[in-house]
Amino acid sequence: MSSSRWLSLVSPLVLIVLWESAVAFGVLNRVFIPPPTEVAVELWVSLRDGSMMDDVLISAQRILFGFLLGAIPATLLGIWSGLNRTVLLLVRPLATMLYPVPKIALLPLVIVVLGIGEVSKVVTVAVSVFLMVVIHTIGGVLQIDRRYFEAARVFGANQRTLLRTVAFPASLPAVVEGWKLAMGFALTLIVGVEFVGASDGIGYRIWQSYELYAIADMMAAVCVIAVMGWLITLILDEVERLVVPWRHTIKESRMPLVRTWWNAVRPWSYTAAIIPVLLGAAIAAQSVALNWWYLVLALIGSIAIQGGTNLMNDYYDYRKGTDTAAVKGTGGALLRGDLTPTQIFWAGIIAFAIGSTIGLYLVSVSGPFIFWLGLFSVAVGYFYTAGPFALAYVGLGEVAVFIFMGPVMVLGSYFLQIPDVAWPAIWASLPVAFVVAAILHANNLRDIDTDRLNHKRTLATVFGREGARLEYHLLVGGTFVSQWLLIGFGVVPWTTLITTIMVPLAWRLMQIAATEVEAAKLHPVLRQTAVLHMRFGLLYVIGWVVALWV
Amino acid sequence: MSHALPFCIVIVEEWLNVMQQPPLVRFEQIAVTYPNGVQALADVSLDIPQHQAVSIVGPSGCGKTTLLRVLAGLEHVSRGRVIVAPETRLAMVFQQGLLFPWMSVADNISYGLMVRGASPQQCRTAAREWCDRMGLQRFIDVYPHQLSGGMQQRVGLARALATNPDILLLDEPFAALDAQTRLLMQELLSDLRAQGLCGTMLFVTHAIDEALIVADRVVVMSSRPGRIITDLTPDFAGGRRADQVRTLPAFHAAFDHIWQQIKTEVSAQMHEGVL
């Protein structure tokens with residue numbers, strides 16, 4: 001699943017690039033297969049003149065009416081069948097028998113009976129929605145744990161109260177699942193119906209473009225259908241949250257949307273993205289005048305990729321089920337149900353897209369080295385929790401973070417200013433690499449028990465608690481010791497010694513990490529290690545900047 | 001007479017002679033055979049007088065839970081009868097809570113009241129009162145799946161007690177909890193009894209210590225088909241706190257006594273090749 005997600009992220013981009021260039025080089029005939037840019041222009045034109053929206057609205061209206069006409073009676077009948085054996089025996093065989101019939105095959109029959117007007121289209125959609133929802137609802141009601149009925153009966157519930165307080169709410173999750181499937185199905189079906197018997201709607205638009213050989217318009221309409229499908233999913237996720245609130249949410253603690261997103265993207269973690277970029281620039285500034293424009297772009301790109309990484313981590317941690325309510329993680333928006341997995345996933349994609357766009361621009365101005373660094377950083381960000389070899393799950397999280405958030409990013413930022421792979425820049429990044437890895441390790445040290453239960457392999461679970469403590473000491477200690485050694489070798493200016501004021505905090509953290517075992521007591525260590533990273537990093541950068549004048 | 005016996009135990013054989021009041025619940029020679037032919041209970045007679053907490057222990061599968069379900073009206077007897085005093089209100093606490101996942105803690109607690117036609121305000125007031133009493137104030141509007149096992153079972157207890165029942169039935173309510181939470185719940189139950197709530201109680205458990213701590217009287221059942229083999233009232237019962245009871249020598253003596261009985265039952269079953 002995860003690797004196909006990865007492909008689904010990369011392959012459209014690759015396809016678009018290949019497609020565009022294939023047309024540009026004459027491999028594909030522009031008449032039959034117009035390039036993406038032409039499709040985009042066509043889409044823009046049809047949106048501007050309103051014709052696309054007209055078709056979308058008509059199709060949406062058919063889907064909506066068909067859905068309501070099918071889903072409402074199906075839900076009621078499904079619940080009734082689930083509760084009453086006689087009704088079940090009457091309804092289920094019929095529904096099961098008709099279910100596999102391709103509903104589009106019913107269209108001619110419906111047209112014969114109801115004529116070619118609007119009603120026949122809506123009814124065709126309604127029939128298929130009806131069958132799907134009925135079957136799902138029956139299944140849902142039959143799967144209700146009988147003991148809930150018993151519990152209600154002991155408290156004196158009569159038949160009607162049982163229906164209202166147990167049967168109906170308990171079957172809702174399955175009902176909503178049926179609605180979701182049926183809605184997706186309705187979209188597919190309406191396009192088919194409009195191909196054949198309509199004079200408007202998005203399906204008609206596609207068919208007509210085919211007949212007129214307006215291929216770009218056809219493709220634009222297909223893109224619009226994809227967006228419709230995505231919107232329908234979003235709306236139904238929202239409906240599910242309203243109808244089945246007990247599945248993920250706390251009833252009264254819904255946060256305002258801005259706050260929710262703010263928490264989901266975890267801006268306080270961005271110091272990890274900012275400090276290496278600043279450091280690389282500060283090191284470069286020792287020998288050249290800075291290009292501020294590149295620095296700002298690098299910061300924005302880095303923040304976008306960090307944001308995308310955070311969102312993707314949430315998404316995949318949620319999918320893999322490692323973030324449970326027991327874990328005091330920061331990415332709790334999914335767990336609390338404030339945001340849906342789909343929303344998180346797409347926000348992550350958008351953040352990656354922004355980061356990549358900036359990255360591509362920087363590549364175009366400073367050469368392929370940055371391209372490889374960028375590709376590497378996106379890969380680390382994505383594979384951190386995604387894919388079969390998710391770094392965080394095979395014990396390579398700290399290593400990946402050490403290399404990427406340290407040398408790689410610092411060198412990247414340096415390279416933008418001075419196109420040269422400079423060893424001093426790499427050496428100078430080590431203290432920051434140690435302390436950023438310490439943040440992640442503090443997290444793993446805290447979660448050592450829950451990660452073990454979930455078979456999440458981190459260095460902490462591999463080494464055991466004693467080993468993990470030693471590792472924390474090495475990382476925090478390494479931060480300062482590496483800096484002092486580098487100053488001794490003359491690679492790092494002595495002005496950076498202002499970081500020494502962070503030694504007491506580091507010392508305290510090491511002591512807590514050495515003694516505490518409870519996750520609740522180790523949680524502050526994580527927060528404070530992040531604070532240590534931020535302050536150490538900023539002081540270290542300031543030390544480098546001060547060195548310009550000293 | 002009680003001092004004459006070792007272990008300070010009174011074995012009560014003829015409850016009707018002892019008790020003046022008619023019992024709240026009387027099982028009269030009941031037998032239960034399931035449709036699949038398994039006989040769960042054979043000839044069980046038991047009286048539960050008002051204000052008595054009775055524990056039922058026995059080897060697993062002995063039909064303890066069936067006895068409870070018969071009383072709750074969830075199971076039919078094949079023979080014998082169950083006599084319940086008129087106007088008796090029952091409430092039950094289930095294994096693992098069995099809270100309604102689609103209702104908030106407040107709605108779960110007031111469920112019994114709601115079914116009986118209480119107004120939303122009355123329900124809310126009762127829910128708040130019980131949340132206060134059970135230390136669940138902060139969780140009143142939370143869904144059950146967001147609670148720990150111990151908290152869920154406290155809600156289950158509150159849901160039962162909020163209906164102000166004449167007899168409280170508990171079906172291995174703490175079996176799924178971890179050892180420490182269990183101890184806390186046992187103490188909570190003793191505290192509630194000390195406050196005069198849940199006076200009459202039928203408590204099914206497989207844990208002997210729990211049976212002794214929670215109840216005034218312990219009924220030991222044989223392996224399937226279940227019969228009553230011992231019915232005893234430890235003299236430390238009543239009014240004392242759970243953690244005090246646990247330290248008494250009489251508690252350990254009673255524990256051993258019951259354990260020997262159950263062990264004999266289980267080993268007999270093993271020889272017959274049932275286990």
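Proteins come first, then strands; the chains are lettered A, B, ... in the order of their sequence lines, and each starts at number 1.
- Sparse packing is recorded around CD of B:Gln29, with 12 or fewer heavy atoms of other residues, nucleotides or ligands lying under 6.0 Å away.
- Contacts between A:Arg153 and chain B at a heavy-atom distance below 4.5 Å involve the side chain alone, from C-beta outward.
- Interatomic distance, OG1 of A:Thr165 versus CE of B:Met103, reported as 5.0 Å (0.5 Å rounding).
- Residue A:Arg160 qualifies as open at atom CZ: its count of foreign heavy atoms under 6.0 Å is 12 or below.
- A pairwise comparison of heavy atoms in B:Phe100 and A:Tyr148 identifies CE2-O, 3.5 Å as the closest pair.
- The shortest heavy-atom contact between A:Val154 and B:Ala72 is CG2-CB, 4.1 Å.
- At most 12 non-hydrogen atoms from other residues, nucleotides or ligands lie less than 6.0 angstrom from CD of B:Gln180.
- Considering only heavy-atom pairs separated by less than 4.5 Å from chain B, the leading option among A:Ala170, A:Ala157, A:Gly156 is A:Ala170.
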_Working for side chain to side chain contact (heavy atoms under 4.5 Å, CB included), residues B:Met92 and A:Glu150_ = CA-CA 10 Å; B:Met92 191 156 168; A:Glu150 290 185 347; over 6 Å; no

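- Only the side chain of A:Arg164 has a heavy atom closer than 4.5 Å to any heavy atom of chain B.
- Summarising the local packing, CZ of A:Phe168 is surrounded by 12 or fewer heavy atoms from other residues, nucleotides or ligands at distances under 6.0 Å.
- Annotation for B:Leu98 and A:Arg147: closest pair CD2-O, 3.3 Å, computed over non-hydrogen atoms.
- No more than 12 heavy-atom neighbours from other residues, nucleotides or ligands sit within 6.0 angstrom of CD on A:Gln159.
- Proximity to chain A is absent for every atom of B:Leu169, based on heavy atoms less than 4.5 angstrom apart.
- The nearest pair of heavy atoms linking B:Trp102 to A:Val166 is CZ2-CA, 3.6 Å.
- Listed here is the closest heavy atom pair of A:Phe155 and B:Phe94: CE1-CE1, 4.4 Å.
- Chain A is approached within less than 4.5 Å, heavy atom to heavy atom, by B:Arg159, B:Ala160, B:Thr163 from residues 154-164 of chain B, ordered by number.
- Residue pairs meeting the side-chain hydrogen bond (donor to acceptor under 3.5 Å, both in side chains) criterion with at least one member in residues 77-94 of chain B, sequence neighbours excluded: B:Glu28-B:Arg81.
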